[in-house]
> 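Here it is, the structure, as structure tokens.
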Amino acid sequence: MKRCIIIAKGKAPSKKVIEYFYNNGFSTIICADGGANSARKIGIIPDFIIGDLDSVALSTLKYFEKKSTIIQIKRQNDTDVEKCLKFAIKKGFNEVIILGVTGNRLDHTICNLGIVIKFFNKIKIHISAEDSFLSAYNKSVVIKSKINETISLYAFDKKTLITSKGLKYPLKNSNLAFGEKESTSNVATLERIELKISGGIVFIIRDYNFMKKHDLF
């Protein structure tokens, strides 16, 4: 499986987070336009810098011009992160972790969350932001866990039904329609969480540090 990291231009991830994922198989690093500024700041050299290049500093482009492949895509009908995802898909990548998705603009954060759904059938996407790690599923899945792990679940419409085994607050053909009901801060009671999902996509949000500590990635 080909895996990569995309660094968006939001709040910069730590170098340790990038190195952790890099050493666990996500060994190609792509910066989405201004994400290259973050990479330079924390001492990471990306393989690719992709976007319309309107938010990356000229000094950053100069710094990386002989170290990274820089690809300018001027079209304006998709975001820089989407440009990176389309590039990754074209190059045969199957799985990606997006970093730097949060920051001062809530609209950008919401857009990046929506991208997980938009590209769901094309590439497996995770988002790592601060202490959270998000994955998305639309069918039955078994999740490796540890007792007392905090796990939150969110869906988006009434057609999406979820049944769980191994959670303190069980779900039984429950719909977690956005804005109506959610399963925030549920708790693992088993080391194998079984989820039966039908009718749509569910976001599972877990604690990055807990997962790293217990080797749950």
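Since the model is a prediction, treat every value here as computed from it, not as a measurement. Numbers here simply count residues along the sequence, with the first being 1. Every heavy atom of this structure was used, including side-chain atoms; hydrogens, water molecules and symmetry mates were not.
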> For the CD1 atom of Ile204 and the CG atom of Leu195, what is their distance to the nearest 0.5 Å?
5.5 Å
> Hydrophobic clustering (ILVMFWY, side-chain heavy atoms < 4.5 Å, transitive) - are Val142 and Met211 grouped together?
no
> Can you hop from Phe48 to Ile18 via hydrophobic side chains spaced under 4.5 Å?
no
> Salt bridge or not between Asp78 and Lys83? Use side-chain N to carboxylate O under 4.0 Å.
yes
> Classify the side-chain pair Thr28/Asp47 by whether it contains a donor and acceptor separated by less than 3.5 Å.
no
> Please test Phe21 against Ser128 for side chain to side chain contact (heavy atoms under 4.5 Å, CB included), starting from the C-alpha separation and ending with a verdict.
CA-CA 10 Å; Phe21 289 125; Ser128 184; 3.9 Å; yes
> Does the pair Lys144 and His214 meet the rule for a side chain to side chain contact (heavy atoms under 4.5 Å, CB included), with working shown?
CA-CA 10 Å; Lys144 181 183 175 184; His214 296 284; over 6 Å; no
> Indicate the atoms forming the closest heavy-atom contact of Asn186 with Ser183, along with that distance.
ND2-OG, 2.9 Å
> OG/Ser198 to NZ/Lys159 distance, rounded to the nearest 0.5 angstrom?
12.0 Å
> The test is side chain to side chain contact (heavy atoms under 4.5 Å, CB included); show your working for Ser68 and Ile45 and say whether it passes.
CA-CA 7 Å; Ser68 310; Ile45 298 176; 3.9 Å; yes
> Under a 4.5 Å cut-off applied to non-hydrogen side-chain atoms, are Phe210 and Lys146 in contact?
yes
> Should we count NZ of Lys165 as having more than 12 external heavy atoms under 6.0 Å?
no
> If you take the centroid of each ring, where Trp contributes its six-membered ring, are Phe133 and Phe217 closer together than 6.0 Å?
yes
> Establish, yes or no, whether the cationic atom of Lys122 lies under 6.0 Å from the six-membered ring centre of Phe119 and within 45° of the ring axis.
yes
> Provide the closest heavy-atom pair for Gly166 versus Ile193 in the form atom of the first, atom of the second, distance.
O-CD1, 3.0 Å
> For the atom pair CZ (Phe203) and OG (Ser152), what is the distance rounded to the nearest 0.5 Å?
13.0 Å
> Check whether any side-chain heavy atom of Leu153 lies under 4.5 Å from a side-chain heavy atom of Ile205, and answer yes or no.
no
> Going only through I, L, V, M, F, W and Y residues with side-chain contacts under 4.5 Å, is there a path from Val116 to Val81?
yes
> Considering non-hydrogen atoms only, spot the tightest contact between Ile6 and Ala32 and give its length.
CG2-CB, 4.4 Å
> Is there a donor-acceptor pair under 3.5 Å between the side chain of Gln76 and the backbone N or O of Lys74?
yes
> Please name the pair of heavy atoms, one in Glu65 and one in Ile70, separated by the smallest distance, quoted to 0.1 Å.
CA-CD1, 3.9 Å
> Do Ile162 and Val202 have side chains that approach each other closer than 4.5 Å (heavy atoms only, starting at C-beta)?
yes
> Any non-hydrogen side-chain atom of Thr160 less than 4.5 Å from a side-chain atom of Leu176?
no
> Can you measure from OG1 (Thr60) to NZ (Lys62) and round to the nearest 0.5 angstrom?
13.0 Å
> May I ask you to test the Lys2-Glu95 pair for a side-chain heavy-atom distance under 4.5 Å?
no
> Do Ile127 and Ile97 land in one hydrophobic cluster if side-chain heavy atoms of ILVMFWY residues count as linked below 4.5 Å?
no
> So does Val101 get a backbone contact from the side chain of Asn112, meaning a donor-acceptor N/O pair under 3.5 Å?
yes
> For the side chain of Ser55 and the backbone of Gly34, is there at least one donor-acceptor N/O pair under 3.5 Å apart?
yes
> Does a side-chain N-to-carboxylate-O contact under 4.0 Å join Lys9 and Asp80?
no
> Judged by atom type as modelled, is there a donor-acceptor pair below 3.5 Å linking the side chain of Ser164 to the main-chain atoms of Leu171?
yes
> Over all heavy atoms of both residues, which pair between Thr102 and Ala129 is shortest? Give the atoms and the distance, please.
CG2-CB, 4.0 Å
> Is the NZ atom of Lys11 crowded by more than 12 outside heavy atoms at less than 6.0 Å?
no
> Taking Ser174 for its side chain and Lys172 for its backbone only, find out whether a donor-acceptor pair lies under 3.5 Å.
yes
> For the side chain of Ser132 and the backbone of Asp207, is there at least one donor-acceptor N/O pair under 3.5 Å apart?
no
> Tyr63 ring centre to Lys67 NZ or CZ under 6.0 Å, with the angle to the axis within 45°?
yes
> Distance check, rounded to the nearest 0.5 Å: Leu61 atom CG versus Arg40 atom CZ?
10.0 Å
> Take atom CG in Asp107; do more than 12 heavy atoms of anything else shown fall under 6.0 Å from it?
yes
> Atom CD1 in Ile115, atom CD1 in Ile98: separation rounded to 0.5 Å?
6.0 Å
> May I ask you to check whether Gln72 and Asp52 show a side-chain donor-acceptor distance below 3.5 Å?
no
> Taking the side chain as every heavy atom from C-beta outward, state whether Leu216 and Arg206 have any pair of such atoms under 4.5 Å apart.
yes
> Quick one, Val187 with Ile151, criterion side chain to side chain contact (heavy atoms under 4.5 Å, CB included). Give me CA distance, side-chain angles, the key distance, then yes/no.
CA-CA 6 Å; Val187 180; Ile151 299 176; over 6 Å; no
> Counting only heavy atoms not in Tyr22 (residues, nucleotides, ligands), do more than 12 fall under 6.0 Å from its OH?
no
> If we check side chain to side chain contact (heavy atoms under 4.5 Å, CB included) with Ile50, which of these qualifies: Leu85, Ile71, Asp33?
Ile71
> Can you find a pair of side-chain heavy atoms, one from Ile7 and one from Pro13, that are under 4.5 Å apart?
yes
> Search all heavy atoms of Cys111 against all heavy atoms of Thr79 and return the closest pair with its distance.
SG-CG2, 3.8 Å
> What about Phe178 and Tyr154, are their ring centers closer than 6.0 Å?
no
> Within the 4.5 Å heavy-atom criterion, are Ile201 and Tyr137 side-chain neighbours or not?
no
> Hydrophobic clusters here meaning ILVMFWY residues chained together by side-chain heavy-atom distances under 4.5 Å, can you tell me if Ile123 and Phe120 are in one?
yes
